[in-house]
Amino acid sequence: MNKSTNKEPGDKESRSLNFIEHIIEEDIRNNKNEQRVHTRFPPEPNGYLHIGHAKSICLNFGLAEKYNGLCNLRFDDTNPLTESVEFVDSIKEDVRWLGFNWEERLYFASDYFEKFYEFAVFLIKKGKAYVCDLNTEQIAADRGTPTRPGNESPYRNRTPEENVDLFRRMREGEFKNGERVLRAKIDMASPNMHMRDPVMYRIIHAEHHRTGNKWCIYPTYDFAHGQSDSIEKITHSICTLEFEVHRPLYEWFIRELEIFPSRQIEFARLELNYTIMSKRKLMQLVDEGYVNGWDDPRMPTISGLRRRGYTPEAIRSFAERVGIAKRENVIDVALLEHTIREDLNKKATRLMAVTDPLKLVITNYPEGGSEELEAPLNPEDPDAGTRKFSFSRELYIERDDFMEEPPKKFFRLAPGREVRLKYAYIIKCVDVVKDSTGKITKIHCVYDPETRSGTPGSTRKVKSTIHWVSAPHAKPARFRLFDRLFRKEDPDDVEEGKDFKSSINPGSLRVVEGYITPGTDPLNPLDKFQFERLGYFCVDPVSTCDKPVFNRTVTLRDAWAKIKNR
RNA sequence: UGACCGAUGGUGUAAUGGUAGCACUGCAGAUUUUGGUUCUGCCUGUCCAGGUUCGAGUCCUGGUCGGUCAACCA
């Protein structure tokens, strides 16, 4: 039973389908493929997965789930030069982490190499493929242009017998790289460049990460992808728009091979503003040291987002909201940030931390004294319980929460002003201490002992409540404050002679030292917190008990920042 | 200058030929011991020109704009 036939009348949300779901439901109505829905996620293991892949993963696995079907994980590993097990492993980890399960259906195109070889021989014997001795440049030159037809290869009319023999010798390693290729015999005058006798096999004497040195000829994408789909009886082969022009070829091979007809459907890939999604460019950022690896929290990779503190739930929610369509689109990163705030608001334990400490002394509080206070672990979740922590005479507050000469809309602490210390007392600033350079080093306040949180005196209204950490109890911590990696909405929009790297935001990583309230041990990697009023943070894997390191996932929405920047 | 694909608020995405809806963003207000959350309200949209029809975002024709395609990458 699938959701779409289960709808309640008036349940508008589940009634709106994307265009792929429309196709699938029509196929089901028409009894196509015995109403089977079988998709696949087909990454090439030549890089790390990014948020754009997450969209595709959620689509493919999501569709299978929705229509009670299956989704395979298949590595499209037909190019030994660029692929590696490192990438295979990271991709598997990322898909699993996102919450999807391919069960026993983990496949590799390389597992089908023998089958592809047989397919090729079949086409050769049918007179639909031939071995061509032209080199890359000659083939390219003969292919023509989109507006001019190409020329037929002089080797085009070799006999099937000769072709079979030549192809066998290619496999046997008789020829050097690039010396010969196997081409489909289609139409050199086709308006579709991909139909102009495309290359099916090329000679690459290189070790493959799975098949080792067994092969020295490798199928191209066009002669591997659709064939793999067909072998796996994929019903809906979903890919991105740039493969649209390949579809006639995809269908040509299936028809000539007389194999199971998978259907290719294209959708628009995800683009995010202030972000690049090209694998090549991401690799450049890694290789040239602009970031600290594929899992740098500023990277749009799944591993980067994970280390940044994103949750699978947030990413899946994001993938759901961006929608599926055929028009090119650029999603606002604000939507991604919204989904992680939404998820973490429900889940994250609240704690107080100060990232830019300013000493505050409560002059009328007993010297050496302290007391214990209590606060909810998560106000959104009453069942989460409470935590206890200490208050004392000397505290740290956020430097931003004090201004000597406050502008009109500034509600926080200032000379002569009152604010509430969250979960503690109302205090009033009575003095400001500066060093010889004029920098504020300390502020003096008095507190009102009648206003302790939870007591009747605490109900007095003040303009603002600020967070703090008790200085003698404070635990030093490092905070990595991330900002967007690029300062331009479209990082590729650069002046002549420059590239996307000139759009990099020099301030994308700020590391600061501050304090957190103690009592949070043990801190496990990727544990998530909301530091009240600051944002959501997670524990970085390099963190130690002595020196916790937090990555800021995202700030809280900040009304004051907006006012301030006007 | 060819073929193919696409075009709905600022950004995305819906709407058997029948009231253009939803989300994000932005703005305004209410609530609030997080300038958070929550709640309420508001702004802004069918690329253009014709045609078919009682009725067009939807169908047809022509244009405009954008994208893709000339790797032995995927």
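Note on naming: letters A, B, ... go to the chains in the order of the sequence lines (proteins, then strands), and numbering restarts at 1 for each one.
The environment of A:Lys409 atom NZ is sparse: at most 12 non-hydrogen atoms of other residues, nucleotides or ligands sit within 6.0 angstrom.
Comparing atom distances between the A:Arg202 side chain and each of B:G35, B:C73, B:U34 picks out B:C73 as nearest. Nearest to the side chain of A:Thr145, among B:U37, B:A28, B:A70, sits B:A70. Taking every side-chain heavy atom of A:Phe411 into account, B:G35 is the closest of B:C72, B:G35, B:U34.
Mapping A:Arg247 and A:Tyr423 onto RNA chain B by nearest heavy atom places A:Arg247 closer to the 5' end of the strand.
Rounded to whole Å, the separation between the P atoms of B:U16 and B:A49 comes to 25 Å.
Within the nucleic acid shown, A:Phe410 comes within 4.0 Å of at least one base atom, counting heavy atoms only. Residue contacts shown for A:His194 are limited to sugar-phosphate atoms, with no base heavy atom under 4.0 Å away. At the heavy-atom level, A:Gln530 lies under 4.0 Å from base atoms of the strands shown. Across all strands shown, A:Arg321 has heavy atoms under 4.0 Å from sugar-phosphate atoms exclusively, and none from any base.
Separation of the A:His22 and A:Phe19 ring centroids does not fall under the 6.0 Å cut-off.
Searching all strands for a Watson-Crick or G-U wobble partner of B:U68 with both distances below 3.5 Å returns B:A3.
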